[in-house]
Structure formats: C-alpha cells, structure tokens
Number of protein chains: 2
Amino acid sequence: MLRRFNRTYTQRIGVLEESFLGTGRPLAVSRLLFEIGAAGGEHGVTVRDLRERLDLDSGHLSRMLRRLEADGLVATAADPADQRRRVVRLTEAGRAARQDLDDRSEELAARIVAPLTDRQRERLTEALATADLLVRAATIHLREVPPEDPLGREALGNYLREIDERFSTGYRTSGPVAAEQGSTYVLATSDGEPVAYGGIRPAPALPGAAFEIKRMWVHGDWRGAGLGSRMLRHLEQLAAERGATSIVLDTNEVLTEAIAMYERTGYRSVERYPGSDPHATHFFAKQVG
Amino acid sequence: MLRRFNRTYTQRIGVLEESFLGTGRPLAVSRLLFEIGAAGGEHGVTVRDLRERLDLDSGHLSRMLRRLEADGLVATAADPADQRRRVVRLTEAGRAARQDLDDRSEELAARIVAPLTDRQRERLTEALATADLLVRAATIHLREVPPEDPLGREALGNYLREIDERFSTGYRTSGPVAAEQGSTYVLATSDGEPVAYGGIRPAPALPGAAFEIKRMWVHGDWRGAGLGSRMLRHLEQLAAERGATSIVLDTNEVLTEAIAMYERTGYRSVERYPGSDPHATHFFAKQVG
DNA sequence: CACAATGTCTGACTCTAGTCAGACATCCGC
DNA sequence: GCGGATGTCTGACTAGAGTCAGACATTGTG
C-alpha cells in the first residue's frame with residue numbers, strides 16, 4: 001500500500017512542491033527560507049543547525065544563503081557565543097516572502113481538496129493525520145548518547161519535570177542529577193526533537209547478571225504510538241548484549257499507562273528490590289537473553 | 001493537514017524515490033522503465049502514450065528511451081497502424097531490470113514500516129488506502145468529449161455492459177448505439193482510465209427548457225467516492241449554461257444506489273415523461289439555473 | 001497531389017542539486 | 001600560546017532534469 005500511495009501521491013500532489021516555483025526561487029532555496037523562519041524565530045538560527053535539519057552540504061547551503069542574502073531576505077551575523085558560527089535570521093522582506101510562500105502552499109492545498117465534499121475532506125484529514133503519526137513513529141531514530149549530550153539532558157529534564165508535576169508530594173531531590181555509575185542512555189529523536197529517553201545500568205546488588213532500566217520517558221505527544229515498548233525492547237537488547245540475564249525496573253502507582261505497558265511487554269510484578277527508588281511503589285522483572 | 005503530511009512524507013519517505021538509484025540509472029529513467037512495463041504489457045506502448053502518462057518533454061523522453069535501448073532494456077519499432085508512431089516494449093533484460101526495481105522498492109517499503117507493530121501497520125495501510133482513494137478522487141479530471149472519443153466509447157461500452165448484466169431480462173437493443181441528437185458527453189479520467197461518464201441532451205418533448213441526463217456511469221472501483229454526485233453537478237451546470245431551467249432523468253428500480261444519490265442531490269420523483277426510456281421505472285426532475 | 005498536422009528525434013541550451021577539496025578564522029584543551 | 005578540532009565559505013566540478021527550435025518522415029484532407 002505504501003508504494004501504491006507513493007505513486008498516487010507523487011503524481012498528484014507532487015505539485016505542492018513545484019508550486020514553490022513561480023516565486024522565482026528554486027525549491028531548495030524556498031525550503032531553506034521556510035526552515036529559517038520555522039527554526040529561527042526571533043533569535044535566528046545557526047548555519048550548522050540548518051545544515052543538520054535539512055541535511056545539506058556545507059557549500060551548497062552557504063551558496064543558497066548568499067542567494068537569499070543578495071535578495072535581501074535574510075541577514076547573517078556571527079554568533080556572539082562562538083564567533084565561528086553564523087546566525088541567520090529573516091529580514092522584514094524575508095518574513096514577507098515566507099508568508100507569501102506559506103499562503104501559496106495553503107491555497108494550493110485547499111485547491112487540491114476543493115472537489116471533495118466536507119465529509120470526504122474530514123476523512124482525508126483524519127487518514128493523513130493517522131498516516132503522519134505512524135510514518136513518524138516508524139522513522140524515529142534511536143541512538144546511544146553520553147550523559148552530557150544536550151538533547152539527552154533536555155529529555156532527562158522533561159522526565160524529571162513531569163515526574164515532579166505528577167507527584168503532588170514533590171519528587172525531585174535537590175541539586176543536579178548525576179549520571180549513574182556504568183549506565184548507558186538511549187535517546188529517540190524525531191526531527192531533531194527528543195521524543196523518548198531511557199537508560200540501563202548494572203544492578204550489582206541483585207543476584208545473577210541483572211540490569212535495571214531507569215528514567216524511561218516518552219514525549220506526551222507520542223504516547224500511544226508504541227514508542228515506549230520499542231524503547232523498552234531496545235534497552236533490553238542492549239542489556240542482553242552486555243550480558244544481562246534479567247531486567248528489573250521500578251515505577252510508581254500513579255504511572256498507570258507505564259505499568260500497563262510493562263505488563264503487556266512480559267514483565268511480572270516482584271517485591272521491592274535492593275537499590276530501587278524510595279519513591280517507587282511497583283517493581284517488575286523479566287528474564288532476557 | 002495535507003501540508004503537514006507532505007512535509008513528513010517528503011522528509012521520511014522521499015527515500016522511496018532515491019532507492020531507484022543504486023541501480024546506476026537516474027530516477028526519471030527508472031520511472032520510465034517502470035511505466036513501460038506497467039502500460040506496455042505484451043504489445044508495448046507508444047511513445048506518445050508514455051509522454052502523456054509521465055508528462056514529459058518529447059526530447060527528454062526520446063533521450064531516455066535511447067539510454068534504455070543502449071542498455072538493451074527496451075526495443076522500439078514503428079507502429080504498424082501508423083508509421084509515425086513508435087512502439088516501445090521491454091526486452092527480456094528489461095523485464096528483469098524492472099523486476100529488480102520492483103523488488104528493491106518492495107523491500108525498502110517493508111523496511112520503512114518494519115519498526116511498527118502489526119496493528120500499527122494495519123492502521124497505516126488502512127489510512128493510506130483511504131488517503132489514496134480520496135486524493136485520487138480529488139484529482140480526477142472531467143472533460144467534454146465528442147461521441148467518437150475512444151475513451152468515451154470505452155466508458156459507454158462499460159455502461160451498456162453493466163446495464164445488460166444487471167437486467168436479467170436483457171436490456172441491450174441490438175446494433176451499435178448511435179450518439180443522441182444534440183447531446184454533450186463528459187468523461188472523467190484518472191491515470192488515463194475512464195472512471196465516470198455521462199451526458200446531457202435537450203428534451204424538446206418537455207415543457208420549458210428541459211435537459212435530460214443520460215448514460216451516467218461510475219466505475220465499480222470508484223463507487224462511494226462521491227464521483228457520481230460530482231458528475232451530476234457538472235452535468236447540471238453544463239445544462240444550465242445551455243439555458244436549461246429543469247433537468248430530468250430516468251432510471252431503473254434495480255439501480256438502488258443511483259436512486260438514493262438522485263434523491264440526496266435534490267431530485268424529486270416525477271411521473272414517466274415523454275421520450276424516457278421504455279425500460280425505466282423511476283423518473284426524477286430538478287429545477288436548475 | 002499539395003499541404004497542414006502529427007509524431008519522433010537531434011542538437012544546443014539552461015538551471016538545479018549536489019560533491020569535494022581546500023582556505024581561513026575561531027575555539028578549546030593541554 | 002600551540003595544535004587540533006570546528007564552522008563557514010569559495011572554487012571547480014558533475015549529473016540530472018527540463019526547454020526550445022527545428023529536421024525529417026508519415027498521415028489525413030481538401
């Protein structure tokens with residue numbers, strides 16, 4: 001189905017792309033203009049950031065930026081924090097051009113669906129939203145990150161903040177959270193945004209080769225997309241590669257979805273184990289390897 | 001939503017296209033190879049046909065064909081029916097190359113959705129099927145055709161055959177069906193295939209400026225996609241432009257979906273009118289203009 | 001049978017996209 | 001404060017995609 005849809009889509013909606021022409025600017029440049037607006041905001045965005053987001057060659061990007069600059073649509077300046085970096089931001093004319101682009105796309109999208117009835121349009125919107133979520137979920141990128149990785153820290157911060165909000169009693173122990181001994185962290189990103197996080201560490205206080213899963217977090221917008229169990233499987237596999245024969249984890253009774261997921265994924269409830277979190281109320285274990 | 005999806009899609013699934021590379025052939029050439037296989041079948045396909053299907057420049061297409069020919073993947077010959085035309089068909093090697101392309105795409109598509117659970121994959125397939133149908137429905141092309149248009153005749157043939165099958169008693173009057181006096185026909189196509197058909201003709205036997213809608217047909221795969229009512233609206237508008245103040249049409253009781261659609265679209269049931277089909281059992285009219 | 005229309009092909013282009021090597025400045029750790 | 005790493009930019013490319021004018025053969029029509 002994916003292939004059939006791909007064919008229909010590129011044939012019929014491919015126009016959405018070509019419409020960027022007619023502004024006298026090639027597609028890639030328009031896309032860049034768009035991205036600078038989206039990522040830049042008030043403060044602008046660094047060239048490096050743009051290169052990562054759009055996955056462009058340094059030379060190619062540089063040339064396109066110069067073109068936009070020559071057209072008076074963007075202004076670049078050295079980043080005060082690091083003079084090697086350059087910060088790009090839209091000028092007034094640039095914002096106008098981007099708005100124009102936006103309007104054209106909007107209008108074209110409206111024209112494409114215009115022949116449909118209201119109910120059909122609703123069905124299409126719904127179907128595309130579902131497909132969007134699932135395609136995004138399917139193409140999420142999982143990777144090991146060191147504890148000091150900035151995106152990892154962001155994810156961890158979200159985890160702690162959410163835990164803190166969830167516990168009316170307050171959870172956070174004061175001071176920064178140190179990386180745990182021998183731990184490995186995995187970060188899942190989508191469009192450069194952290195969407196899930198979690199880690200494993202050896203649990204020497206337990207019998208056998210046990211690993212503990214720690215700090216599992218899934219972005220609120222992504223719950224229900226199967227991301228949690230995917231992260232869990234990934235962490236289990238990592239632990240198994242490091243010689244684990246069993247996995248333990250603890251959680252709190254207020255995290256009902258998490259508990260349901262652990263049970264669904266083959267974990268069985270166990271007694272409190274040594275080294276577990278004092279705030280935890282539920283404990284799980286599973287054999288692996 | 002269309003735009004958001006478009007962004008996700010081109011970013012994540014754009015790979016489906018690039019995968020055509022790695023075969024040493026550029027994308028457009030691979031697409032052409034694919035299309036020759038799809039459209040050509042046993043008898044091959046004319047260059048003209050390919051140009052229309054892929055919307056390519058004559059020179060561009062010619063060069064790509066030559067490239068495929070040099071690689072030994074296609075063979076061209078003059079069309080016996082018209083020596084100006086050239087017919088292209090895949091060679092044995094061409095069929096193999098196309099199959100290879102097909103396998104790669106299939107494999108890649110499978111890899112993209114691999115991280116999803118079975119249930120998610122099902123949901124994605126369903127969502128894409130819905131989106132596919134609706135996008136196709138939205139981009140269908142309606143145009144007036146002369147009675148002798150080959151695609152129009154094909155549609156009319158389908159109409160007559162289906163009517164014939166539907167009536168156990170047999171419907172068809174013997175001999176070819178002549179175009180009706182002063183009539184105008186509209187054909188809807190998708191990917192060059194006729195998907196709906198219908199006509200109007202003046203009904204001089206009726207009081208006032210009446211037009212009759214005749215021979216409405218919608219392709220079986222397309223029923224429920226709103227195509228019938230769209231065609232109906234289009235025909236009404238055409239009639240109105242020709243000065244009609246009322247529209248009449250007849251149908252048979254066995255065509256229950258059609259009857260439901262007419263009622264939904266504002267037609268009211270009337271008595272048999274002069275000039276109507278002797279096999280018809282239900283008659284409808286509507287004011288327009 | 002002349003003539004316009006049709007169908008394909010070649011040649012000569014342009015523009016976009018993308019790659020690679022290296023210049024140059026700045027930053028960071030020792 | 002030296003040397004490697006990082007970030008950006010320029011120059012010199014290549015290949016793909018697409019456009020346009022016109023050559024040439026064939027076909028249908030008055």
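Letters go in sequence order (proteins before strands), and every chain restarts at 1.
Atom CD of B:Glu52 is separated from atom P of C:dT6 by 13 Å (rounded to the nearest Å). Distance B:Asp57 CG to C:dG11 P: 15 Å, rounded to the nearest Å. Here the C1' atom of nucleotide C:dG18 and the CZ atom of A:Arg31 are 13 Å apart, to the nearest Å. Rounding to whole angstrom units, CZ of residue B:Arg51 and C1' of C:dG7 are separated by 7 Å. Taking atom CG of A:Leu61 as the reference point, atom P of C:dT16 lies 17 Å away to the nearest angstrom. The distance from atom CG of B:Asp79 to atom C1' of C:dC9 is 17 Å, rounded to the nearest whole Å. D:dC9 atom P lies 13 Å from atom CZ of A:Arg85, rounded to whole Å. The separation between A:His60 atom NE2 and C:dT19 atom C1' is 10 Å, rounded to whole Å.
Pairing each heavy atom of B:Ser190 with each of B:Val195, the nearest pair is CB-CG1, 3.9 Å.
Residue-to-nucleotide contacts include a donor-acceptor pair under 3.5 Å from the side chain of B:Arg84 to the base of C:dT6.
Salt bridge absent: A:Arg104 and A:Glu107 never bring a charged side-chain N and a carboxylate O closer than 4.0 Å. Under the 4.0 Å criterion applied to side-chain N and carboxylate O atoms, A:Asp102 and A:Arg98 are not assigned as salt-bridge partners.
When heavy atoms are screened at a 4.0 angstrom cut-off, A:Asp82 is found touching the sugar-phosphate backbone but no base atom.
Of the listed nucleotides (D:dT8, C:dG18, D:dT26), C:dG18 has the atom at the smallest distance from the side chain of A:Leu56. Nearest nucleotide to the side chain of B:Val47, out of D:dC9, D:dA17, C:dC9: C:dC9. Of the listed nucleotides (D:dT27, C:dG7, D:dT8), D:dT27 has the atom at the smallest distance from the side chain of B:Gln83.
Just one of A:Arg48, A:Arg85, A:Arg84, A:Arg89 meets the salt bridge (Lys or Arg N to Asp or Glu O under 4.0 Å) condition when paired with A:Asp79; it is A:Arg85.
Around the CG atom of A:Asp55, the shell of radius 6.0 Å holds no more than 12 heavy atoms that belong to other residues, nucleotides or ligands.
Within the structure, a side-chain polar atom (N or O) of B:Arg86 is placed less than 4.0 Å from OP1 or OP2 of C:dC9.
Where A:Pro80 and A:Gly59 each meet DNA chain C at their nearest nucleotide, the meeting point lying more 5' is that of A:Gly59.
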Under-3.5 Å N/O pairs linking protein and nucleotides 12-15 of chain C:
from	atom 1	to	atom 2	distance (Å)
C:dA12	N6	B:Arg63	NH2	3.4

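There is no side-chain donor-acceptor pair under 3.5 Å between B:Glu144 and B:Thr184.
Atom CG of A:Leu33 is separated from atom CG of A:Leu101 by 6.0 Å, given to the nearest 0.5 angstrom.
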